[in-house]
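The chains referred to below are lettered A, B, ... by the order of the sequence lines, with proteins before strands, and numbering in each begins at 1.
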Amino acid sequence: MDKVADALPGSQWSPFEMNPNLPPERADIVIIGGGVIGWSIAYWLKKKERVRDGVKVIVVEKDPTYSQASTVLSAGGIRQQFSLTENIQLSLASADFMRNINEHLGVLNQEPVDLQFNHSGYLFVANESVAHIMEENYSTQRFAGAKVSLLSPVQLKEKFPWINTEDVALASYGLENEGWFDPWTLLNAFRQKAISMGVIQSIGEVTGFNCTLNRMDTVDGETVDVKRIKHVNVRMPNSREYQPVECAIVVNAAGAFSAKLVDMMGIGTGPKDTLSGMALPVEPRKRFIYVFNCPDGPGLDCPFLVDYSGIYFRREGLGGNYITGTSPEEDAEPDVSNLDVDHEFFQEKIWPSLAHRVPAFESLKVTSAWAGYYDYNTFDQNAILGIHPLAQNMFFATGFSGHGLQQSPAAGRAVAELILDGSYQTLDLKGLGFQRIMAKEPLLEKNIV
Amino acid sequence: MWNCLIVLVERAMFVLYGSRFAFRVNMAAPLVPLQRFCKLASLHVCGRRRLWSSSVATPPSLYKRLLLALTQRFYDVEILLNWRSQLKSQALQKKNASLTPLEHEHLNTVSHTDRASLGYYHYTQEHYGDNVASAYFILNMHGSFRYAGQSEWFRSDSSGKFSWDFVNQKDSLLEEVDLGHTVINQMGLGNLVGNPLRTLSLRGCHEVDDWALARLHVFQDTLEELDISCCPHITIGGLAALRNLKGLHRLNVSSLPRLGSPGLVIIMLEEMLPLCQVTAKGYDLSLTQLGGN
């Protein structure tokens, strides 16, 4: 009887074995990259759709274990102490989102979201040569609404007796909305909420695009190929099987690996200084984080301290553990083909500065370390949000250079507004678009960690 | 991982609910109901997890289990329950309405529910000034306060009525505020800004969480006594926000259920706030024996 039922039309049986994990054949928006930025955009797209199931959204992620994803390997800090107003606004809006996170991302019947947010603030320490930059940044931050205070060396020593204030000229301390939290919880919260709203998750790798080409002449007489993506080819893991997903809009939230997608489209291969030679200036950069234990170190009031020499550290838990790291010099960038940790780097570059800033750290023991990628924007180390002139329907949300996690809720909302409303509604982030790359005017952030 | 879950859940649903769901699954095309199924499946799985979760101290009551079962079978029930929780949180926001309308450039960073509750006390503030508006807000929340330089406490009685004498004291600043067992949250605390508070009691407030503690830095110069005992949502991350209150003399952190290792936290608090006397009752600080002998 079962065989007869199978043979009738409308039954599930088919003589060809279909992989049930393939993504659907058609979707409205395909988000490439399942990190916190990708899922944040997916959530906001579903939040902003006016009709139930108005947009069909797929998030494509190649590695469900997130072994190399920047999100889960991040130190998890959030601060408003930037020099660029757009960055301050993005961070403030994200902090406001996290303040009411259960209102936004709470799913009925599930446990409330607990980000484990430590409200310890960031402390930036400057010497004489950079103190004036810190003062300028302070007025920008205050104007944009960040709650920061400036401390003199005497006040700094009074507040934090464990700091060595010998060469300190000025310090900037965050009072509210700054600290660190658990990135995995935020990612999962976005993912669960987005899936409960109808976003489809697809595990697979994007191997190519089918585009239509429009050959045009620019005002300067240059001939450019303007491409429009018609299909995204998603290949299944450990298989040659792939599904061409027909879509209207593609969002590039692939983080450190975003440039690969742009290469697949054939953009940026022209001669330099022309429109067709404008590639995506984002490349992966490896950064190390070391965990060490120091029983005599700073206590509960230990902030996320960032020294002017580039090293940073913060408390981790209550057992005298701290995590630290720094950005290497431009010419000494580590190899990005793997995520192996260089322990010599800690001994040579980090420990001396740590011990100089906090004398108690002269005796410490490194217990563990890991490495992760920054999606480093080589042009000006700030996010790139918007459309590339030669890819008509690919939206970029990448190049955050270490700030992706803390700006993810607000950046996701901004990109969703671009897609569904056509322009920014809440925060004006036009300055973070491709215009600045075309015009070669970098929007430099003076406070990169 | 999702696919295994879905297959398992599909089997479970067939067994539990019989033919109705199985029929729907068999009839539909392979991937179209995946979206709906994911939604239902995730609810179902998560609902089950909630029932069996080891963190739930007592199993949910019959009423809650009935609601859960109905939510899993009908979208209507799910939407109605969503509306109910949204209305509750909107009512809370309205109670904690902000006194001052935010400046235009900061409006971009405020969520839409916060924006909706602006201006509730705006009339009072415009006509009587900030101080009277703060006082009116506290009395509305069923709290009590005392002005600086006076010894009399203004409070509302059990039915919510209070005397309107405070309206005449436009220039008096608040010195002691008792908002214990009220629904004050982080937005409401912003209404007390501008007063040189010396004592603040937030005992037993269910809506006070870490973000509310982070807002207390505005009182860092004057605050001497703080009581945050019995607040179920405060964790160690929020206690780290008390770093700014260096002038604190008395702090009560008794019976905070979400502190993992209370003994260690108390020691670290005492270290962080040197002038402060920390009261922490209601914890089992006896040493437990680890390992076997």
Distance, nearest 0.5 Å, that separates [atom1] of [X] from [atom2] of [Y]:
X: B/L216; Y: A/E176; atom1: CG; atom2: CD; value: 9.5 Å
X: B/M187; Y: A/N100; atom1: CE; atom2: CG; value: 9.0 Å
X: A/R52; Y: B/I79; atom1: CZ; atom2: CD1; value: 5.0 Å

Give every residue pair that meets the salt bridge (Lys or Arg N to Asp or Glu O under 4.0 Å) criterion with at least one member in residues 112-122 of chain A, sequence neighbours excluded.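 Residue pairs with at least one partner in residues 112-122 of chain A: A/D114-B/R258.
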Under a 4.5 Å cutoff for heavy-atom pairs, which residue among A/L318, A/L115, A/N118, A/D301 has the most contacts with chain B?
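The option with the most such pairs is A/L318.
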**Study point:** Verdict with reasoning, A/H119 to B/H217, per side chain to side chain contact (heavy atoms under 4.5 Å, CB included)
**Key:** CA-CA 11 Å; A/H119 296 262; B/H217 72 88; over 6 Å; no
Exercise. What residue in B/I267, B/L213, B/L273, B/N82 has the most heavy-atom pairs under 4.5 Å with chain A?
Worked result: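 So the answer, after comparing B/I267, B/L213, B/L273, B/N82, is B/N82.
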Legend entry - Top contributor to chain A interface from B/Q220, B/E271, B/K64, B/Q186 [non-hydrogen pairs under 4.5 Å]: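 It is B/Q186.
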Taking all heavy atoms of [X] and all of [Y], pick out the closest pair and write down the distance.
X: A/Y173; Y: B/R243; value: OH-NH1, 2.7 Å
X: A/R315; Y: B/A240; value: NH2-CB, 4.1 Å
X: A/F117; Y: B/D210; value: O-OD2, 4.2 Å

Is it the case that atom CD in B/Q277 sees more than 12 heavy atoms from other parts of the structure closer than 6.0 Å?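 No, because the 6.0 Å sphere around CD of B/Q277 holds 12 heavy atoms or fewer from other groups.
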**Item:** A/K157: side chain to side chain contact (heavy atoms under 4.5 Å, CB included) partners, not counting sequence neighbours
**Value:**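 With sequence neighbours excluded, A/K157 shows a side chain to side chain contact (heavy atoms under 4.5 Å, CB included) to A/T165, given in chain and number order.
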Validation row: A/K159, B/N244 side chains within 4.5 angstrom (heavy atoms)
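Answer yes - side chains close enough.
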query = Tell me, do B/L242 and A/L300 make a side-chain contact under 4.5 Å, heavy atoms counted?
reply =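 They are not in contact (no side-chain heavy atoms under 4.5 Å apart), so the answer is no.
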Non-hydrogen atoms of chain A under 4.5 Å away: do they reach the side chain of B/Q86, the backbone, both or neither?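 Looking at B/Q86, nothing touches chain A.
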